[in-house]
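First the structure, in the form of structure tokens, and then the observations on it.
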Amino acid sequence: MKTHDARSQNLREAVRFASGDTDCAGWHYPGTNGACVVMAAGAGVAKEPGTDRFAERFQKDGFSVLAFDFRYVGESGGAPRQIVRIGDQVADWTAAIGYAATLPEVDPERIAGWGFSLAAGHLFRVAARTPGLAAVIAQSPLVDNRAAAPNALRHETPAVILRFPLVALADAIGGVFGREPRLIPLAGDRGELAMLTTPDARDGAPALNPDNRYPDWQQQIAARSVLPLLNYRPGRSVRRVRCPIQFVVCTEDRSVLAAPAYRAAEQARESELVRIPGGHYAPFLDQHEQVVAAELDFLRRQLVVADPNAPERAGPLVG
């Protein structure tokens, strides 16, 4: 199914592709240079607030883009809703990359993955077992939640620390019996029952949804989804990734932390580290232009076939 989207300033079309026993919804932005960037955002974040601003800039530079929703989120299929299942999301990534390779203007050997937060963590695992992937951009990546979770707990009250596991466990048991999920906010203030109450977590809404640009985005997640994420360490796959990885790391990130990303960049076979000031959502806020410039520079160097008569390009903008 393809339908044009009149709301976007750029040409894009709605597409769907199979994943598991359902399908995922995506936006296809046709490009002109043969390369494609497959994009997905963090836990509970739909494709529009999580990728629109970057996808439009990539398309203007000639790249095709496939931005998609994971199952159970946004416009993708699957029930119950607002569920994060690690295995399913990793499989959705693989299905999206496979679908992107079938787009008529795309060279299957010039496909990159772009992930933000949790989606970037999944992308390490996908890239480690997808030999044909040409490059990866990991923006504010969740590398090691075993390190990040204790930090997040320091920004919560003892009452919530004691209550949350009970709520999540009750929701998980309810799921076994087919009950609808107990939904909690993606972000909250200290003392609130939410997925994150870190100092930069509340930047999510103004960063991703300024002026309520995306009123249909459901900024909630099933409580049962949080417990499996506590021990999630996708950065352990970095050593097996053969393609170049650009790590875009926020130096004051309190949600996923910067240190695990620094270590992963050192362990990767071929990596480029872009350090930017600010918290988890800085790439969508005051550092947006700097980050877009660095990411475009990386994509051009990794995916665009060089013209032998063209002047040599400069190296990375930020090291």
Side-chain angles (χ1 to χ4, degrees), residues 1 14-28 36-48 50-51 55 64-103 106 108-109 111-139 141-145 172 175-176 181 195 218 221-222 224-243 245 256 264:
M1 180 192 74
V15 297
R16 304 191 78 86
F17 55 90
S19 187
D21 58 0
T22 185
D23 57 16
C24 292
W27 285 119
H28 167 216
C36 182
V37 186
V38 182
M39 306 181 70
V45 181
K47 59 189 179 302
E48 291 83 5
T51 69
S64 294
V65 173
L66 175 66
F68 72 96
D69 287 325
F70 291 114
R71 274 178 271 180
Y72 321 116
V73 174
E75 297 178 320
S76 286
R81 307 301 295 171
Q82 302 307 114
I83 295 285
V84 173
R85 291 177 177 155
I86 293 171
D88 286 352
Q89 293 199 346
V90 170
D92 293 345
W93 257 122
T94 301
I97 292 167
Y99 177 75
T102 70
L103 294 171
V106 171
E109 296 184 356
I111 296 175
W114 180 103
F116 171 67
S117 195
L118 177 61
H122 295 327
L123 191 50
F124 297 138
R125 296 179 59 190
V126 173
R129 60 194 193 195
T130 309
L133 199 63
V136 164
I137 294 176
Q139 182 173 288
L142 173 63
V143 174
D144 184 353
N145 213 27
V176 173
M195 185 179 74
Q218 190 173 357
I221 190 174
R224 69 185 73 164
S225 298
V226 178
L227 290 180
L229 292 173
L230 294 178
N231 200 40
Y232 191 39
R233 308 180 75 190
R236 291 181 297 175
S237 298
V238 162
R239 289 187 179 92
R240 302 195 306 274
V241 177
R242 296 186 176 275
C243 68
I245 307 174
V256 300

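Worth saying up front: this structure is predicted, and the values here are computed from it rather than measured.
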Ring centres under 6.0 Å, that's the criterion: do [X] and [Y] meet it?
X	Y	answer
Y72	F70	no
W27	F68	no
H28	F17	no

**Report entry** Under 3.5 Å: donor-acceptor pair, side chain of R71, backbone of D23
**Finding:**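 Not at all, since once roles are kept as given, no pair shorter than 3.5 Å links the two residues.
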Query raised in the report: Can you tell me if N145 uses its side chain to pair, donor with acceptor, with the backbone of L229 under 3.5 Å?
Result: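 Between the backbone of L229 and the side chain of N145 there is a qualifying donor-acceptor contact (under 3.5 Å).
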Query raised in the report: If you take all heavy atoms of P181 and R224, which pair is closest and at what distance?
Result: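 Distance-wise, the nearest heavy atoms are CA-NH2, 3.2 Å.
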Requested in this report: For A25 and K47, work out which heavy atoms get closest and say how close.
Outcome: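 Shortest heavy-atom separation between A25 and K47 comes out as O-CD, 4.0 Å.
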Query - Steps toward side chain to side chain contact (heavy atoms under 4.5 Å, CB included) verdict (V65, W114) - result: CA-CA 10 Å; V65 173; W114 180 103; over 6 Å; no
Query raised in the report: Passes side chain to side chain contact (heavy atoms under 4.5 Å, CB included), T130 versus W93? Steps please.
Result: CA-CA 10 Å; T130 309; W93 257 122; over 6 Å; no
List, one per line, each side-chain donor-acceptor pair under 3.5 Å for residues 77-84, sequence neighbours excluded.
residue : atom : partner : partner atom : Å
R81     : NH1  : S76     : O            : 2.9
R81     : NH1  : G77     : O            : 3.3
R81     : NH1  : G78     : O            : 2.7
R81     : NH2  : G74     : O            : 2.9
R81     : NH2  : S76     : O            : 3.0
Q82     : NE2  : Q218    : O            : 3.3
Q82     : NE2  : Q220    : O            : 2.7

To the nearest 0.5 angstrom, please state how far the [atom1] atom of [X] sits from the [atom2] atom of [Y].
X	Y	atom1	atom2	answer
I245	C243	CD1	SG	6.0 Å
T51	Q139	OG1	CD	11.0 Å
S19	D69	OG	CG	12.0 Å

Report task. In sequence, state the C-alpha distance, the side-chain angles, and the governing distance for I111 and V106, and then conclude on side chain to side chain contact (heavy atoms under 4.5 Å, CB included). Result -> CA-CA 8 Å; I111 296 175; V106 171; 4.0 Å; yes
Query - By side chain to side chain donor-acceptor pair (under 3.5 Å) - contacts of S117 (at least two apart) - result: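 Here the qualifying residues are H280.
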Report task. Please collect all salt bridge (Lys or Arg N to Asp or Glu O under 4.0 Å) contacts where either partner lies in residues 230-243, sequence neighbours excluded, each pair once. Result ->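 Qualifying pairs: D144-R233.
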Query raised in the report: Between R16 and Y99, is a side chain to side chain donor-acceptor pair (under 3.5 Å) present by the stated rule, with each step listed?
Result: CA-CA 9 Å; R16 304 191 78 86; Y99 177 75; over 6 Å; no
